[in-house]
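Data block below; observations after.
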Amino acid sequence: MAGLRIYVPGDAAAVACGADGIAKAIPPLAAKRKVAVEIVRNGSRGMHWLEPMLEVVTDKGRIAYGPVEMDDLESVFDAMIAGGAAHKLRVGVPEEHPFLKKQTRLTFARCGIVDPHSLDEYLAHDGYKGLMKALADPAGIVAAVTESGLRGRGGAGFPTGIKWKTVADAQADRKYIVCNADEGDSGTFADRMIMEGDPFVLIEGMTIAGIAVGATRGYVYIRSEYPHAIAVMNDAIRTAKNAGYLGRSVAGSAFAFDIEVRVGAGAYVCGEETALLESLEGRRGQVRAKPPLPAHKGLFGKPTVINNVLSLASVPVIMDRGAAYYKNFGVGRSRGTMPIQLAGNLKYGGLFETAFGITLGELVDDIGGGTFTGRPVKAVQVGGPLGAYFPRALFDTPFDYEAFAGRDGLIGHAGVVVFDDTADMAKQARFAMEFCAVESCGKCTPCRIGSTRGVETIDRIVEGVEPEKNLAVLTDLCNTMKFGSLCALGGFTPYPVMSALTHFPEDFVPAPQKQAAE
Amino acid sequence: MAYEAWSADTAANIIRSHEGREGALLPILHDIQEAFGYVPEPAEPMIAEALSLSRAEVHGVVTFYHDFRREPAGRHVLKVCRAEACQAAGGDVLAARCEKHLGVAFGETSLDGRVTLEPVYCLGLCSVSPAAMLDGRIVGRLDEKKIDKLMAETA
Ligand SMILES: Cc1cc2nc3c(=O)[nH]c(=O)nc-3n(C[C@H](O)[C@H](O)[C@H](O)COP(=O)(O)O)c2cc1C
Ligand code: FES
């Protein structure tokens with residue numbers, strides 16, 4: 001009998017729940033039973049409440065078990081040996097699980113399925129097909145990406161094709177592709193999952209971008225909080241180089257392209273594109289005034305495409321299956337699919353990729369299963385620390401750039417963070433201001449000073465000090481920050497603050513006992 | 001974690017290994033910190049000279065980024081996520097518990113040099129929150145028992 005093939009995710013979410021220990025404990029169990037095993041550290045399928053979710057290859061396909069803790073490992077292992085037999089933790093065939101079955105996985109097609117360290121597996125699962133089509137018609141790449149309707153997944157939602165065209169049209173001796181893998185938003189982890197679970201798709205996307213605009217060098221700027229992603233990306237880049245997919249001649253073509261990983265240093269604002277470029281150049285991560293756009297004068301003053309991980313990782317499937325195929329998913333001006341991240345106080349947290357248009361309520365109640373504390377959902381913050389808090393009353397909002405904007409919110413990088421009814425929205429508003437104060441790059445006053453004043457003002461409101469006057473001050477401050485800040489850090493902090501105030505005014509009323517104490 | 005004591009030779013070697021690299025400052029600082037556990041002040045003029053920067057520029061970069069330390073951390077570094085998804089999952093209570101049990105505030109090192117407690121704003125583990133990182137090892141689904149175990153490891 002050939003060895004048993006067992007998948008134990010190496011994704012950080014699985015590792016944080018004990019996957020490394022599980023992977024180490026399997027060989028001794030196998031030795032005791034005299035069975036040969038091969039352990040593959042795959043990415044995560046995205047059903048994070050089941051992590052560590054182990055899978056065994058059987059003649060019925062892959063059978064999953066999870067969440068597997070050390071105490072259950074031995075019995076799970078025996079069920080695996082028995083051909084994927086019954087067990088209280090048996091999930092069954094992952095693809096049949098409703099959480100995965102309801103998804104449309106284009107960007108995440110391979111994540112959790114393939115071995116992220118294996119280029120052969122990548123190729124066997126349609127990897128580099130997009131690049132081959134791109135190489136067959138390099139001049140057509142920008143048009144295809146534009147036609148697909150792909151918009152930046154990093155937050156601003158700018159059409160990717162238009163950005164690429166600007167850089168393609170720019171004249172310069174050198175151009176750059178920069179991948180923004182700073183993923184600082186709380187509630188988001190899709191970039192991390194792709195880098196850890198399917199790194200070659202990002203490499204392929206960046207390579208196609210390079211060919212499209214005439215850039216020969218790429219950087220992936222990864223936040224330092226992601227050591228696992230950094231390791232997998234470095235490994236994959238090395239493999240791609242050795243196999244001739246990166247280097248002086250990409251896949252035997254006349255195009256050269258190389259990629260290097262650079263590591264951030266714990267500054268949220270470095271996710272802002274111009275601050276990121278400053279950081280890459282070796283400076284403080286201070287936001288640059290625009291214009292000039294990075295597309296004209298970016299890294300080291302050269303025309304630069306800067307895109308989020310998911311934007312770039314969506315390009316290979318667009319090139320492979322065609323722009324029309326991708327564009328067919330979605331609604332309105334939000335085309336294709338979005339890898340939505342379900343997080344916080346949610347029963348079924350994880351990654352849910354689906355066409356735009358699904359409602360917030362479906363995501364939170366149906367897919368996410370409500371809170372794990374079993375208490376009612378009070379608020380949902382969508383789009384990271386700069387995103388608005390939505391009450392249940394707005395659960396009919398479809399996941400769509402314009403629909404969220406129309407309700408004074410944003411989808412940002414598509415993180416959905418759920419809070420139950422114990423949440424204090426004044427505290428959340430205060431945190432938003434505090435976070436802005438801590439992370440402000442300091443270049444513009446509305447952001448730097450406004451946020452500090454914001455914290456003080458909210459404190460006064462909840463203490464009951466001239467609440468009406470201070471509420472007016474807070475609203476005023478938010479306006480100043482919104483319209484006077486250099487970038488969206490100061491500019492969007494008013495979203496969480498004002499949404500908390502608008503939808504949950506009762507939380508800003510001072511507690512009676514506090515008043516009595518005064 | 002064991003780090004080397006300050007050595008100008010080691011620093012010079014690190015700096016030299018980045019020669020010719022575009023935008024080498026952050027990679028150099030990361031390597032310096034990995035070697036010594038912090039960015040010793042005498043490294044700053046050396047880096048400045050190698051990169052043709054002013055000392056003030058290098059210093060400005062070191063102080064801008066939360067990651068770079070200007071003095072050695074405790075023997076253990078416990079980073080607890082303080083961001084929204086972890087707050088939503090009960091992280092604030094655990095964070096307060098850390099301060100109380102370790103006897104330090106966030107951003108501080110215990111007097112005996114045993115542990116540094118730091119806030120971190122998201123570890124990308126928001127679906128298995130609350131989360132923390134002890135000496136580079138990540139742990140999710142924290143509850144009181146788990147966080148107590150982590151703290152015990154710093155003893
Ligand atoms: C404070 C701040 C933080 C940001 N953080 C990120 C980030 O972590 N990742 C990201 O892709 N974009 C981030 N952005 C958005 C980028 O500025 C930029 O819009 C994006 O990298 C463009 O790529 P895209 O068009 O593919 O989305 C941030 C913006 C601001 C203002
Ligand atoms: S918010 Fe704590 S890990 Fe993301």
Side-chain angles (χ1 to χ4, degrees), chain A residues 12-13 15-17 46 48-49 51 183-189 191-193 223-229 262-268 270 279-286 299-300 341-346 349-351 372-373 381 384-385 415 417-420 423 428 431 435 438-439 441, chain B residues 18 21-31 33-34 39 47 51 53 57-69 79 81-93 107 118-133 136-142 146:
Chain A
V15 170
C17 296
H48 288 162
W49 73 97
E51 294 292 1
E183 197 165 62
D185 289 0
S186 164
T188 66
F189 42 81
D191 297 351
R192 178 184 65 63
M193 283 182 67
R223 64 202 299 255
S224 60
E225 292 85 348
Y226 282 1
H228 297 80
R262 285 292 171 94
V263 180
Y268 176 74
C270 285
S279 183
L280 267 179
E281 291 182 16
R283 280 194 291 273
R284 302 157 65 99
Q286 281 196 318
L299 188 60
F300 301 108
Q341 299 125 85
L342 303 175
N345 189 346
L346 210 53
L351 185 116
F372 65 64
T373 47
Q381 187 179 30
V417 177
V418 178
F419 291 76
D420 72 12
Q428 297 309 126
F431 176 79
F435 184 75
V438 171
E439 298 296 337
C441 81
Chain B
H18 291 276
R21 213 168 168 191
E22 298 182 317
L25 184 50
L26 261 70
I28 291 176
L29 291 173
H30 275 302
D31 283 0
Q33 179 148 307
E34 201 173 300
V39 180
I47 298 168
L51 300 181
L53 296 169
E57 281 171 302
V58 174
H59 186 74
V61 170
V62 174
T63 51
F64 180 85
Y65 294 96
H66 300 304
D67 276 6
F68 298 129
R69 302 176 194 290
K79 298 187 185 196
C81 178
R82 307 298 315 272
E84 291 91 335
C86 285
Q87 295 166 7
D92 287 347
V93 175
E118 287 181 344
V120 60
Y121 294 99
C122 194
L123 291 163
L125 302 171
C126 332
S127 52
V128 292
S129 55
M133 189 187 241
R137 185 170 48 118
I138 48 177
V139 187
R141 291 192 196 128
L142 285 173
K146 277 195 182 173

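Numbers restart at 1 for each chain; the letters A, B, ... are given by sequence-line order, proteins then strands. Excluded from the calculations below are hydrogen atoms, water molecules and symmetry mates; all remaining heavy atoms, backbone and side chain alike, are included. Worth saying up front: this structure is predicted, and the values here are computed from it rather than measured.
Considering CZ of A:Phe419 and CD of B:Gln87, their distance stands at 5.5 Å, rounded to 0.5 Å. Rounded to the nearest 0.5 angstrom, B:His66 NE2 and A:Glu225 CD are separated by 9.5 Å. Here CD of A:Glu51 is found 11.5 Å from CG of B:Leu125. Values are rounded to the nearest 0.5 Å. Here CZ of B:Phe64 is found 5.5 Å from SG of A:Cys270. Values are rounded to the nearest 0.5 Å. Here CZ of A:Arg223 is found 9.5 Å from CG of B:Asp67. Values are rounded to the nearest 0.5 Å. Considering CG of A:Leu346 and OG of B:Ser129, their distance stands at 9.5 Å, rounded to 0.5 Å.
Interface remark: of the candidates B:Ala88, B:Ala24, B:Gly91, B:Ala89, B:Ala88 forms the most heavy-atom pairs closer than 4.5 Å to chain A. For the set A:Cys441, A:Gly266, A:Gly349, the count of heavy-atom pairs under 4.5 angstrom toward chain B peaks at A:Gly266. For the set A:Ala265, A:Ala12, A:Ser186, A:Gly282, the entry with the most heavy-atom pairs within less than 4.5 Å of chain B is A:Ala265. Chain A forms the most heavy-atom pairs under 4.5 Å with one residue out of B:Val62, B:Leu29, B:Leu25, B:Leu123, and that residue is B:Leu123. In terms of heavy-atom pairs under 4.5 Å with chain A, the best-connected choice from B:Arg21, B:Glu57, B:Gln33, B:Lys79 is B:Arg21. With respect to chain B, the highest number of heavy-atom pairs below 4.5 Å among A:Asn345, A:Leu342, A:Asp191, A:Val15 belongs to A:Asn345.
Between B:Gly124 and A:Phe189 the shortest heavy-atom distance is O-CB, 3.3 Å. Between B:Gly23 and A:Arg262, the closest heavy-atom pair is O-NH1, 2.9 Å. Shown here for B:Ser127 and A:His48, the closest heavy-atom pair between the two residues is OG-ND1, 2.6 Å. When all heavy atoms of B:Cys122 and A:Gly187 are compared, the closest pair comes out as SG-N, 4.3 Å.
In this structure, the portion of A:Val418 lying under 4.5 Å from any heavy atom of chain B is its backbone and not its side chain. In this structure, the portions of B:Val139 lying under 4.5 Å from any heavy atom of chain A include both its backbone and its side chain. Contact of B:Arg82 with chain A is made through the backbone alone, with heavy-atom distances under 4.5 Å. Using a 4.5 Å cut-off between heavy atoms, B:Val61 contacts chain A through both its backbone and its side chain. Heavy atoms closer than 4.5 Å to chain B are found in the side chain of A:Gln381, but not in its backbone. Interface remark: A:Gln428 contributes side-chain atoms only to the contact with chain B (heavy atom separation under 4.5 Å).
Using a 4.5 Å cut-off on side-chain heavy atoms (C-beta onward), B:Tyr65 and A:Ser279 make contact. At a threshold of 4.5 Å between non-hydrogen side-chain atoms, the residues A:Asp185 and B:Glu84 do not count as touching. At least one side-chain heavy atom of B:Met133 sits under 4.5 Å from a side-chain heavy atom of A:Pro227.
Note: A:Phe435 and B:Tyr121 have perpendicular aromatic rings, judged against thresholds of 30 and 60 degrees for the angle between ring planes.
Under a 3.5 Å cut-off, the side chain of B:Arg141 and the backbone N or O of A:Cys17 do not form any donor-acceptor pair.
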